[in-house]
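See below for the structure under consideration.
Atoms considered below: every heavy atom in the structure, side chains included; atoms not considered: hydrogens, waters and symmetry mates.
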Amino acid sequence: MAVKLAAQRREDHTKSATKEIRNSGRVPAVIYGKAKESKSIAVDSVELIKTVRDEGRNAIISLHIEDEKPVDVMLHEYQIDPLKDELVHADFYIVDMAEEMDVEVNIHLEGEAKGTKDGGVLQQPLYALQVRAKPADIPEQIVVDVSDLDIGDSIAVSDIEIQGKYELLDDPVTTVVTVSAPDTLEDIEAAPAENAEPELVDGEKEA
């Protein structure tokens, strides 16, 4: 089910009007889609952040623009002021609930790998996957269970169990997570010291 979010039309694009919008706790935004006319709007900044935090980056949002029919959208892009750490602009993309689309979905690792209990190091080269699905079928995250991984084991994209109506687009052989062997004490002691200082003889360095 889509999450409701109220919006207001934005006709004045001057800097002063945009500043006033931000000062009022709202964020200027644009809504657009394939074969759709773009519109300038403003939404409540706190409500938008709360929606993304609670429902996920790929949440379907039912955008209620004043005096208009609600439209289903997804948050496509957003901009943050790095100095103030505030949301300053957002782009919403109009979605067709019957049409598949490609999105990026975060990977969530679950469990504790067996190999880490023996000193192995868990490494995750891939943090998100490209997914193709209808908007309502896009998963909030893709869970990967690492509990059975021993030292030397790994999980590739092809090993992920798909639990839903979506398709993974990444190369099947791409490594998602692996458990590598730890550096042994012998390896560390055998490694030559770089730029080592010469030994001291009677308080002076050897020539």
Side-chain angles (χ1 to χ4, degrees), residues 1-68 70-97 99-110 122-144 157 164 166 168-170 174 176-177:
M1 181 181 294
V3 182
K4 293 181 180 180
L5 183 66
Q8 298 80 40
R9 288 294 298 267
R10 184 164 57 95
E11 306 291 350
D12 191 344
H13 297 83
T14 62
K15 288 185 178 180
S16 59
T18 301
K19 183 177 180 181
E20 183 178 344
I21 287 174
R22 294 187 178 120
N23 288 340
S24 68
R26 296 175 296 162
V27 57
V30 174
I31 174 175
Y32 60 93
K34 185 169 61 176
K36 301 287 185 180
E37 182 182 358
S38 62
K39 296 179 182 179
S40 297
I41 59 173
V43 299
D44 186 277
S45 180
V46 173
E47 287 299 317
L48 176 57
I49 292 173
K50 182 177 183 298
T51 298
V52 175
R53 183 186 64 222
D54 295 345
E55 306 296 331
R57 179 70 171 78
N58 294 319
I60 304 300
I61 300 173
S62 179
L63 204 58
H64 288 242
I65 306 173
E66 49 190 349
D67 301 326
E68 295 186 21
V71 58
D72 291 325
V73 301
M74 290 179 65
L75 179 63
H76 185 246
E77 291 182 339
Y78 60 91
Q79 297 174 10
I80 300 289
D81 185 326
L83 298 179
K84 298 181 179 179
D85 193 28
E86 294 179 353
L87 186 64
V88 295
H89 193 272
D91 288 355
F92 294 97
Y93 183 78
I94 301 172
V95 297
D96 182 344
M97 300 300 289
E99 184 178 323
E100 290 185 329
M101 60 186 303
D102 297 348
V103 297
E104 186 176 80
V105 177
N106 290 334
I107 298 169
H108 173 70
L109 300 186
E110 185 176 74
L122 184 73
Q123 297 179 322
Q124 185 180 356
L126 196 63
Y127 287 87
L129 290 164
Q130 296 297 320
V131 169
R132 177 171 294 162
K134 293 180 180 179
D137 296 327
I138 297 172
E140 182 178 341
Q141 60 184 9
I142 294 178
V143 177
V144 177
V157 171
Y166 60 85
L168 298 180
L169 303 180
D170 295 83
T174 301
V176 176
V177 61

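Looking only at side-chain heavy atoms (C-beta outward), V73 and L5 stay at 4.5 Å or farther from each other. Using a 4.5 Å cut-off on side-chain heavy atoms (C-beta onward), D72 and P135 make no contact. Side-chain atoms of Y32 and I94, non-hydrogen and from C-beta on, never get closer than 4.5 Å to each other. For the pair V3 and I60, the minimum side-chain heavy-atom distance is 4.5 Å or more. No side-chain heavy atom of V177 sits less than 4.5 Å from a side-chain heavy atom of I107. With a 4.5 Å cut-off on side-chain heavy atoms, K34 and D96 do not count as touching.
In plain terms, the two heavy atoms of R10 and A29 that are nearest each other are NH2-O, 3.1 Å. Smallest separation of non-hydrogen atoms from V88 and D81: CG1-CB, 3.7 Å. Closest approach of A90 and L48 over heavy atoms only: CB-CD2, 4.1 Å. Shortest non-hydrogen contact noted between D102 and R132 is OD1-NE, 2.7 Å.
Checked against side-chain hydrogen bond (donor to acceptor under 3.5 Å, both in side chains), T14 has the following partners two or more places apart in sequence or in another chain: D12, S16. Residues passing the side-chain hydrogen bond (donor to acceptor under 3.5 Å, both in side chains) test with K50 are D54, sequence neighbours excluded. Residues satisfying the side-chain hydrogen bond (donor to acceptor under 3.5 Å, both in side chains) criterion with Q79, sequence neighbours excluded, are absent altogether. Residues passing the ring-ring contact (aromatic ring centres under 6.0 Å, His included) test with Y78: none are found, sequence neighbours excluded.
The stretch residues 45-68 participates, sequence neighbours left out, in no ring pair (Phe, Tyr, Trp, His ring centres under 6.0 Å) pair at all. Listed by first and then second residue, the ring pair (Phe, Tyr, Trp, His ring centres under 6.0 Å) pairs that reach into residues 36-59 come to none, sequence neighbours excluded.
For the atom pair E110 CD and I142 CD1, the distance stands at 13.5 Å (nearest 0.5 Å). Atom CD1 of I21 sits about 8.5 Å away from atom NE2 of H13, to the nearest 0.5 Å. Taking OG1 of T51 as the reference point, atom CG of D44 lies at 9.0 Å (rounded to 0.5 Å). Between I41 atom CD1 and L63 atom CG the span is 4.5 Å, to the nearest 0.5 Å. The line from CD1 of I138 to CD of E104 is 12.0 Å long, rounded to the nearest 0.5 Å.
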Practice task
For salt bridge (Lys or Arg N to Asp or Glu O under 4.0 Å), just list the numbers for R22 and E86, CA-CA rounded to whole Å, side-chain angles, deciding distance to a tenth of an Å, and then say yes or no.
Solution key: CA-CA 10 Å; R22 294 187 178 120; E86 294 179 353; over 6 Å; no
Exercise for the section: Could you check L122 against L109 for side chain to side chain contact (heavy atoms under 4.5 Å, CB included), going step by step and ending with a plain yes or no? Expected result: CA-CA 11 Å; L122 184 73; L109 300 186; 4.1 Å; yes
Exercise for the section: Just do the side chain to side chain contact (heavy atoms under 4.5 Å, CB included) check on L168 and V131 with the steps written out, would you? Expected result: CA-CA 5 Å; L168 298 180; V131 169; 3.9 Å; yes
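The environment of E66 atom CD is dense: over 12 non-hydrogen atoms of other residues, nucleotides or ligands sit within 6.0 angstrom.
No donor-acceptor pair under 3.5 Å is formed between the side chain of R9 and the backbone N or O of I65.
Between Y93 and H76, the angle of the ring planes lies from 30° to 60°, which puts this pair in the tilted group.
For the side-chain contact (heavy atoms from CB on, under 4.5 Å) with V71, the qualifying choice from I61, V95, I31 is I31, the only one to do so. When R57, M74, Q130 are each tested for a side-chain contact (heavy atoms from CB on, under 4.5 Å) with V103, only one passes: M74. For the side-chain contact (heavy atoms from CB on, under 4.5 Å) test with L129, the passing option among N106, L169, T174, V157 is V157; the others fail.
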